[in-house]
Amino acid sequence: MSLHAWTNWAPIEAFISTLATFGAGVSVFTCARALYLSDASHTNAAAQLQRSTALLEETSSVARVGGWRYDLKTGTLDWTEQALRILGLDRAQGVCANDAFALLAPGSQQIVLTAIAENRTATEAWDFELEMTTPAGERKWLRATAKTTGRNGTPEALIGSVADITRRKQLETDLHHAQKLESIGRLTGGLAHDFNNILTAIVNATDSLEHSKEPRVAQAASVINKASERASELTGKLLAFSRQQVLHPITLDINAALTDMRSLITSALKGGVVLEFELAPEPLLTTLDDGQLTNAVLNLALNASDAMPEGGRIRLTTRGEADWVVLEVADTGIGMSAAQIERIFEPFFTNKPAGVGTGLGLAMVHGFITQSGGAISVTSAPNAGSVFSLRFPRAPADAALAPVQTRPTATDQRGAGARVLLVDDDDLVREALCVALRARGFHVVGAASSAAAMSLFKPGAFDFAVVDVVLGQGLSGGDLVKHLRARDGALRALLVSGYTFNCDLPPEVEFLAKPFSVDRLAARLQALGANQSDARYAAS
């Protein structure tokens, strides 16, 4: 067009025409470029949105948090994919508000209804923990948060999030249970200490009465001592539960230990109960107190027998798992409910009829296993039997098995003039033991505290030191023994206590648990003298 204008029009007209044509071209180019840039920007924005959505969904999945929106006018409920996964729902099957609401436990349903009603007019956010059961039957705990949104002060919807906190709730439950058992353990341990001191005084005060020539006095003393023995067994179980008993661990093969106790377990079971063993073919070494292991297994077997009044089977199974030795005690009995399992290791809790058992057996088993560095768990259901799984730290395969050890026995428990420093802050215990030991020929000096003992002690002045572990103020019994033996290396020491929680017991010092009779104390002192050559004391 411009060539035609320049050959047929006036120059000015041709020039103007050329400018117009050029301007139109520029406009077309500009519009085309703008459209291109607009499409590119839209494509980039869409891609960025897609990436952000994918990232949000991925992070929501990792955090196990989903989102939701509830329309207050229409009752429509929208969910993110992660929220549906948490609830166990399928979008393809159609999901409405009633479907989600029906999954909540009754108490949680009421919480939600109240919150929705209040938030139609309120603007503050709410934050609740709700219990639910998925369509597949899985029990879960959810943390649900929401806030009202709307325009011009008119609420239109609730928008919020839902998170799976089932694992956290389980950990909180486990922690609470552990703290409760720990608190009960501290309480029972402290009570056992005081009670064992009282029992020690009673046992030794009645000792001389039991040998009285007056039949009625001797009979009464005998009854008192028998009652004391039963009370001692009770406090021993309390200490076992609270993980404060004194253990004497040795390296043993758990298969061999179970085989040795087979006849003992069989003789204790009810008629109609069959005992089966399924032991691992290879040795399973662990370090345990063999006596307490026998008590634990026997206790579990007796409980299993009681759970099968019509007869059944008890199976003991062992296997190795990495760093653990696993022992399972399974039965075909009546089983337990979830509520019973939750409390099964608490002291004085029992599934047995009133008057049958003390409720301390499983508490004692739990205490022994945890004190040994192991763990115990139970799987059970009503009418489906029970399986108790005991796990102990595995000893190295080349660990040497402990030889069978026997303590020296004393045929004569007379003191033969041995000199004893008796340190106990309980006046009743100290006086009763002093009287009883003196009656057996020991020369005894009593001290009520570690400070008094230090002031009374002189090297070579005593053959034995009998020291209570818990002495109140000043040095503990273990520390006192260290100081005394530092001043006199030939001194033989015996620590005594009914409570050893958080106490530092020197490994080379003998220990005797309260309550004990003067006969047991005298025998231990004589054994200490027989085990060491010392001119100052000769065991007779």
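Quick caveat: nothing in here was measured; it's all calculated off a predicted structure.
- Residue Thr317 holds its OG1 atom at 8.0 Å from CG of Leu327, rounded to the nearest 0.5 Å.
- Formation of a donor-acceptor pair under 3.5 Å by the Thr133 side chain with backbone atoms of Arg139 is not found in this model.
- Nearest heavy-atom pair, Cys434 versus Val444, reported as atom, atom and distance to 0.1 Å: SG-CG1, 3.7 Å.
- Separation of atoms CZ (Arg492) and CG (Leu528) is listed at 7.5 Å; rounding is to 0.5 Å.
- Once rounded to the nearest 0.5 Å, the distance linking CG of Asp424 with CG of Leu471 reads 7.0 Å.
- Here the CG atom belonging to Leu421 is positioned 8.0 Å from the CG atom belonging to Leu491, to the nearest 0.5 angstrom.
- The backbone N or O of Leu104 lies less than 3.5 Å from no partner atom in the side chain of Ser108, so there is not a single donor-acceptor pair.
- A pairwise comparison of heavy atoms in Ser380 and Ser386 identifies OG-OG, 2.8 Å as the closest pair.
- Using a 30° and 60° split on the angle between ring planes, Phe368 and Phe392 fall in the tilted class, from 30° to 60°.
- Considering every non-hydrogen atom in both Leu130 and Ala144, the closest pair reads CD1-CB, 3.9 Å.
- Using a 4.5 Å cut-off on side-chain heavy atoms (C-beta onward), Asp519 and Arg440 make contact.
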Stepwise side chain to side chain contact (heavy atoms under 4.5 Å, CB included) test for Val466 and Leu433: CA-CA 10 Å; Val466 178; Leu433 288 177; 5.6 Å; no
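- Using a 4.5 Å heavy-atom cutoff, the side chains of Arg143 and Phe128 are not in contact.
- The side-chain contact (heavy atoms from CB on, under 4.5 Å) test with Met132 is passed by exactly one of Thr166, Leu142, Val162: Leu142.
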Before you tell me yes or no, could you show the steps for Leu316 and Glu328 under side chain to side chain contact (heavy atoms under 4.5 Å, CB included), namely the whole-Å CA-CA distance, both residues' side-chain angles and the distance that decides it to 0.1 Å? CA-CA 6 Å; Leu316 272 61; Glu328 289 187 348; over 6 Å; no
Take Ile265 and Thr294, measure what side chain to side chain contact (heavy atoms under 4.5 Å, CB included) needs, and give me the verdict at the end. CA-CA 9 Å; Ile265 298 173; Thr294 300; over 6 Å; no
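- Panel note: side chain Arg524, backbone Phe511; a donor-acceptor pair is recorded below 3.5 Å.
- The environment of Glu276 atom CD is dense: over 12 non-hydrogen atoms of other residues, nucleotides or ligands sit within 6.0 angstrom.
- With values rounded to the nearest 0.5 angstrom, Thr266 atom OG1 is found 11.5 Å from Met261 atom CE.
- Tested against Asp468 for a side-chain contact (heavy atoms from CB on, under 4.5 Å), the candidates Leu495, Leu422, Asp426, Asp425 yield a single pass: Asp425.
- Here the closest heavy-atom approach between residue Ala280 and residue Arg319 is recorded as CB-CA, 4.2 Å.
- Here the side chains of Ile344 and Gln340 are not in contact, with every heavy-atom distance at 4.5 Å or above.
- Note that CG of Leu258 is 5.5 Å distant from CZ of Phe277, once rounded to the nearest 0.5 Å.
- Annotation: side chain of Leu300 is in contact with side chain of Leu390 (closest heavy-atom distance under 4.5 Å).
- Residues Leu285 and Arg394 form no side-chain contact, since every pair of their non-hydrogen atoms from C-beta on lies 4.5 Å or further apart.
- Looking only at side-chain heavy atoms (C-beta outward), Met308 and Asp331 come within less than 4.5 Å of each other.
- Each of Leu279, Asp253, Val325 was evaluated against Thr318; a single residue qualifies, Leu279, per the side-chain contact (heavy atoms from CB on, under 4.5 Å) test.
- Side-chain contact between Asn303 and Val329: absent, with no pair of heavy atoms (C-beta onward) separated by less than 4.5 Å.
- Between Thr332 and Gly312 the shortest heavy-atom distance is OG1-CA, 3.5 Å.
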Please lay out, stage by stage, how Arg313 and Leu275 fare under the test side chain to side chain contact (heavy atoms under 4.5 Å, CB included). CA-CA 6 Å; Arg313 297 190 314 277; Leu275 181 64; over 6 Å; no
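- Proximity of Val496 to Val467: side-chain heavy atoms (C-beta onward) are nowhere separated by under 4.5 Å.
- Taking both residues in full, the closest heavy atoms of Glu282 and Asn255 are given as O-ND2, 3.0 Å, listed atom of the first, atom of the second, then distance.
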